[in-house]
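The block underneath contains the structure these notes are about, expressed in structure tokens.
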Amino acid sequence: MGDFDLMTKPVIMAETMDPLAPSVNESSFTPSLMNKLRMRFGSGSATPRSMAEGYVEFGEFRAQAPGVKKVGTFAGVFCPVVLSMFSALIFIRMGYLVGNAGTLVTLAQFALAYGIVGFTVMSICAISTNGAVEGGGVYFMISRTLGPEFGGAIGTLFFFANVVSSALCISACTEALVENFGPNGYLVGDSPGLPNGDWYRFLYRSVLNAIGLSVSLAGASLFARTSLAIWVTMVVCLASAFLSFFITTPGMIEKPETNTLINATSFKYTGFSVNTFYENLYPKYGRDYSTSDGELVDFASVFGVLFTGVTGVMAGANMSGELKSPSRSIPLGTLTALFFTALSYIALTFLTAATCSRELLQNNYVYLLPINVWSPFIAVGMLTATFSAGLSNLIGASRVLEALAKDNIFGFILRPMVPRSGNPVLAVIMSWFLVQIGIITGSLNTIAQVNSVLFMTSYFAINLACLGLDLASAPNFRPTFKHFSWLTSLIGLVGCAALIFGLRPAYASAVAFACCSLVVALHLLSPAASEPKWGSLSQALIFHQVRKYLLLLDPRREHVKFWRPQMLLLISSPRQAAPLIDFVNDQKKGGLFVVGHVRVGELDGSGDPLASEHKYWLKLIDHLKVKAFVELSLAESIRSGAAQLTRLAGLGAMKPDTVLLGFRDTATPKDFFRDPTSPYKTEQFDLDSGEIIFPARTSVSTRISASEYVRIITDVLSVKKNICLCRNFHTLDMAAVERRSASLKYIDVWLVELLTPSREEAFSVRALFALQLAAVVRSSRGWQHLRLRVHVVDATPLYADLYLVELESMDSAVERSNPSLSPARPVHERLEELLKLLRISATTHTVSEWPALDDFGQWSETSYDNGTTFSRVPHSYLQKVNHIIKSRCEDGTAVTFVQLPHPPKLPPHATDADEPVCEQYLQVLDDFTKDLSPTILVRGLKSVTSTAL
């Protein structure tokens with residue numbers, strides 16, 4: 001079974017692809033369990049989506065839709081980033097920071113936050129300038145770098161980060177409304193103003209969220225174009241705050257109505273004072289009056305609120321789909337916005353610390369209102385900064401959700417989110433709904449803690465992606481932004497991880513668990529994970545590491561102590577060789593396994609004839625669940641192709657040292673892919689067009705000639721590689737082996753040379769190779785319950801000199817001078833001692849009934865070398881030997897290992913006289929192994945056993 005056939009197939013050439021488009025492998029259906037789940041998960045599409053509607057890769061250039069207006073760097077990146085970063089911090093929480101943490105710790109926290117964000121921005125700039133960036137912003141960058149599983153998981157967390165950030169900004173805007181227009185608000189004085197209370201605040205937040213929904217539905221470009229006006233308004237308000245520190249005279253500032261923790265009614269504004277600055281220099285944590293129970297403030301809670309002031313750095317990247325030139329605008333706009341906000345925060349920190357008492361800062365977070373030259377300036381700044389930041393995050397969340405839907409990450413669950421027009425209406429509505437749930441929490445500082453952890457997780461992923469790209473040294477990673485390195489990415493990555501787990505270990509653990517769970521779930525279920533078109537950084541890193549270690553693997557330093565099987569299995573059709581492939585996968589024992597196939601043909605200049613077939617071989621490996629490589633050869637003859645694979649398969653020191661062939665016989669092959677009782681049954685290789693992939697041999701198929709088959713064996717031996725012929729493996733029931741069937745009990749090894757039976761054969765290199773293979777099979781998972789039986793004969797060698805070379809080649813620790821292995825001792829005692837030295841658990845059996853070959857006629861040493869050797873082997877001798885082995889197999893043998901006689905010596909060039917000689921040789925092998933259990937005829941040339949430590 002599994003012999004060689006002449007196989008010819010029409011050449012199918014791949015379509016010529018756009019040179020600017022990425023290289024994409026064709027995806028095809030694989031009905032495994034995971035793929036069935038993916039199909040169910042991804043079902044429900046009424047009409048197939050084109051590439052233009054779904055997955056987009058870096059560097060995939062597309063024409064801009066007519067009528068779609070794009071925005072530039074200032075309005076599209078700089079303004080949204082500044083507005084998102086200022087958000088709730090600049091006008092509403094600076095007092096909270098300086099009043100509790102003090103000037104030094106506040107500046108240190110800003111330095112720490114901006115350091116992490118700065119390194120992350122370098123990574124963002126590097127990735128965004130390495131190709132065309134589409135909608136989805138940071139998610140697009142991460143997913144196109146790390147692949148669908150990790151990218152989808154981080155993208156999902158980033159989506160929720162934007163949702164939480166939007167909820168935070170809406171809550172801050174509500175707080176600003178109540179402080180200004182609520183009972184006794186700064187802008188309404190003694191008039192009633194807006195009613196206050198938990199439900200009223202929820203109503204205000206809901207109204208603000210609804211307004212944000214309306215603007216988002218009108219289109220992100222509308223917001224991007226109005227962001228310039230909002231930014232100008234906010235800058236004017238901020239400038240008034242800076243001027244007020246120099247203009248406003250010292251005085252007492254009343255406590256806000258929302259502060260019910262203390263009884264004091266007013267606090268001192270000192271103006272510029274050295275004493276005030278000194279008092280605010282060091283940390284002195286108090287209680288947070290904005291929480292229901294006045295929670296005690298600590299370093300972690302302060303940093304959690306402060307970090308919300310730098311999370312808006314991704315606002316520009318989230319607008320990538322609306323930018324004229326994302327790869328230029330994102331780095332330039334983000335870096336300038338980062339510099340502008342850092343200067344603003346530092347200046348406000350020093351001015352606040354030098355003019356406001358600690359009591360004022362801890363008990364009035366909106367202290368900028370009463371000390372301003374005109375309070376409406378700050379009120380407008382509060383409302384515009386917080387509302388615009390919330391709106392920016394809402395739009396960003398909807399764009400990430402749209403990108404997840406387009407990439408088919410969650411299959412049919414998010415498919416409705418793919419817009420038919422430019423604006424993702426359903427994605428906006430879903431984001432709005434989740435923000436509506438988030439604003440139920442109410443407390444700005446509580447939301448800020450979750451928000452910071454989610455954004456730091458996203459920053460971690462961005463730095464990880466950039467670090468991996470740089471370490472992988474991929475030729476296509478050529479960002480135009482040069483101010484980064486693997487070290488900056490590593491510092492950003494480590495900094496994010498340390499801060500997340502150091503400050504909020506519970507939140508961090510929850511996010512890490514959610515991310516890992518998403519990665520696993522998407523790997524198993526996501527339709528996108530089954531499509532090979534996704535580029536994955538892991539493949540680039542694996543290639544980089546494998547290449548490095550392959551170069552370190554020196555073939556000159558190989559030692560027999562660490563030998564492991566390295567197999568090349570040459571097969572014609574996997575349909576009839578599936579059990580054999582499965583068996584060799586167990587036999588390799590962590591070694592190399594290469595499945596080889598020869599196609600008879602030649603290159604004609606029209607393309608690679610094997611290109612269209614290779615993908616089916618890879619699907620075969622997946623279907624059989626074996627750990628193997630595939631090598632296909634195109635040659636003028638099967639022998640030539642087999643020689644190519646024998647010599648060239650593998651790489652570096654990882655090259656096969658053992659070649660396995662199917663046995664050349666006339667048995668009717670079994671199609672394991674169509675047999676309803678077969679565990680390998682599948683329909684994926686029977687195409688809808690009627691074409692059958694891997695057609696099985698039939699009674700009319702052209703078989704490989706006997707001489708070519710034998711010359712393949714001779715070629716393998718001539719290049720000093722071991723050879724195995726595998727027969728009757730169509731009867732091997734691997735499922736029965738794995739379920740420990742009572743009918744399968746043994747693995748048999750026959751250490752007997754067929755034409756020269758002798759007790760000394762058991763101690764030769766070729767016999768020990770067969771013994772080692774059997775021991776390896778037994779040590780594999782699923783075979784360990786079987787017992788190893790070693791069979792030998794007690795006959796004196798007919799030609800003693802034939803074994804001299806073999807014995808001298810044995811391991812020095814098992815040489816003949818060892819007294820326990822002396823030929824004077826009984827063979828079974830010597831063999832048991834040898835097994836003990838080799839640490840192989842087996843029972844020994846001496847076969848006394850093995851016939852002597854000379855009993856069947858004249859037999860001489862010279863007859864062994866001439867061309868008539870195998871024609872003179874008595875048929876009755878072979879029948880008796882076959883009967884002896886078969887009788888032992890009937891005890892419950894799963895697999896039998898026997899010695900392969902040396903092939904006949906053939907002239908260098910093929911002649912017509914070769915065929916009958918080779919037919920005689922194969923006939924001997926046929927009679928020898930007829931009707932046995934699955935049998936491997938082994939001829940080893942290399943010492944593979946060792947008794948050394």
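Note that these values count all heavy atoms, side chains included, but never hydrogens, waters or copies made by symmetry. On a predicted model such as this, the values are computed, not experimentally measured, just so you know.
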Under 3.5 Å, is there a donor-acceptor pair between the [X] and [Y] side chains?
| X | Y | result |
| --- | --- | --- |
| Thr349 | Thr106 | no |
| Gln436 | Ser206 | yes |
| Asn463 | Ser489 | no |
| Asn275 | Ser273 | no |
| Thr341 | Tyr114 | yes |
| Thr384 | Thr233 | no |

When you measure from the side chain of [X] to the backbone of [Y], do you find a donor-acceptor pair of N or O atoms at a distance under 3.5 Å?
| X | Y | value |
| --- | --- | --- |
| Arg205 | Ile439 | yes |
| Thr291 | Glu295 | yes |
| Glu254 | Ser266 | no |
| Gln362 | Lys284 | yes |
| Thr334 | Pro331 | no |
| Ser452 | Gly304 | yes |
| Arg358 | Glu279 | yes |
| Gln449 | Ser301 | yes |
| Tyr289 | Tyr365 | yes |
| Asp288 | Val297 | no |

Closest heavy-atom contact between [X] and [Y]?
| X | Y | value |
| --- | --- | --- |
| Ile378 | Leu368 | CG1-O, 3.5 Å |
| Asn372 | Thr248 | C-OG1, 4.3 Å |
| Ala172 | Thr386 | CB-CG2, 3.6 Å |
| Gly438 | Ala167 | C-CB, 4.0 Å |
| Leu296 | Arg287 | N-NH1, 3.8 Å |
| Ala508 | Ile500 | CB-CG2, 2.8 Å |

*Assess whether ring-ring contact (aromatic ring centres under 6.0 Å, His included) is satisfied between Phe245 and Phe272, documenting all intermediate values.*
CA-CA 8 Å; Phe245 285 110; Phe272 285 102; 7.1 Å; no
Nearest 0.5 angstrom please: [X] [atom1] to [Y] [atom2], how far?
| X | Y | atom1 | atom2 | result |
| --- | --- | --- | --- | --- |
| Ile124 | Phe481 | CD1 | CZ | 10.5 Å |
| Ser216 | Ile395 | OG | CD1 | 4.5 Å |
| Ile154 | Phe159 | CD1 | CZ | 15.0 Å |
| Leu348 | Leu343 | CG | CG | 12.5 Å |
| Tyr507 | Leu454 | OH | CG | 10.5 Å |
| Asp470 | Leu490 | CG | CG | 11.0 Å |

So, do [X] and [Y] sit near enough that their side-chain heavy atoms are less than 4.5 Å apart?
| X | Y | result |
| --- | --- | --- |
| His523 | Glu149 | yes |
| Ser485 | Thr488 | yes |
| Phe455 | Val164 | no |
| Ser509 | Phe501 | yes |
| Leu157 | Val511 | yes |
| Pro376 | Leu187 | yes |
| Leu522 | Phe150 | no |
| Leu360 | Lys268 | no |

_Using the rule given for side-chain contact (heavy atoms from CB on, under 4.5 Å), can you reason through Trp432 versus Asn209, listing the C-alpha separation, both sets of side-chain angles and the distance that settles it, and then say yes or no?_
CA-CA 7 Å; Trp432 163 82; Asn209 195 27; 3.1 Å; yes
As a quick check of understanding, evaluate side-chain contact (heavy atoms from CB on, under 4.5 Å) for Leu383 and Cys173, giving each step before the final call. CA-CA 6 Å; Leu383 295 174; Cys173 190; 3.9 Å; yes
Any idea how [X] and [Y] line up, ring-wise: parallel (<30°), tilted (30 to 60°), or perpendicular (>60°)?
| X | Y | result |
| --- | --- | --- |
| Trp374 | Phe377 | perpendicular |
| Phe350 | Phe277 | parallel |
| Phe78 | Trp231 | perpendicular |

- Mind running side-chain contact (heavy atoms from CB on, under 4.5 Å) on Met382 and Asn180 for me, showing each step along the way? CA-CA 10 Å; Met382 286 180 176; Asn180 286 283; 3.8 Å; yes
Below 4.0 angstrom, N of the basic side chain to O of the carboxylate: do Glu359 and Lys255 qualify?
no
Those residues at least two apart in sequence (or on a different chain) that pass side chain to side chain donor-acceptor pair (under 3.5 Å) with Asn280 are none
The side chain to side chain donor-acceptor pair (under 3.5 Å) partners of Tyr186 (sequence neighbours excluded) come to Asn364
When Thr355, Thr270, Thr352 are each screened for side chain to side chain donor-acceptor pair (under 3.5 Å) with Thr276, the one that passes is Thr270
Only one of Ser165, Ser84, Ser166, Ser388 passes side chain to side chain donor-acceptor pair (under 3.5 Å) with Asn393, and that residue is Ser165
ring-ring contact (aromatic ring centres under 6.0 Å, His included) evaluation trace for Phe267 with Tyr367 = CA-CA 10 Å; Phe267 309 98; Tyr367 68 99; over 10 Å; no
Practice problem: Using the side-chain contact (heavy atoms from CB on, under 4.5 Å) rule, take Phe246 and Leu351 through it: C-alpha gap first, then chi angles, then the decisive distance, then the call. | Solution: CA-CA 9 Å; Phe246 297 94; Leu351 292 173; 4.0 Å; yes
ring-ring contact (aromatic ring centres under 6.0 Å, His included) test vs Tyr345 passes for just one of Phe86, Phe340, Phe91, namely Phe86
**Asked** Does CG in Asp198 sit with more than 12 non-hydrogen atoms of other residues, nucleotides or ligands closer than 6.0 Å?
**Response** no
- Task: Evaluate whether atom CZ of Phe433 has more than 12 neighbouring non-hydrogen atoms of other residues, nucleotides or ligands under 6.0 angstrom away.
- Result: no
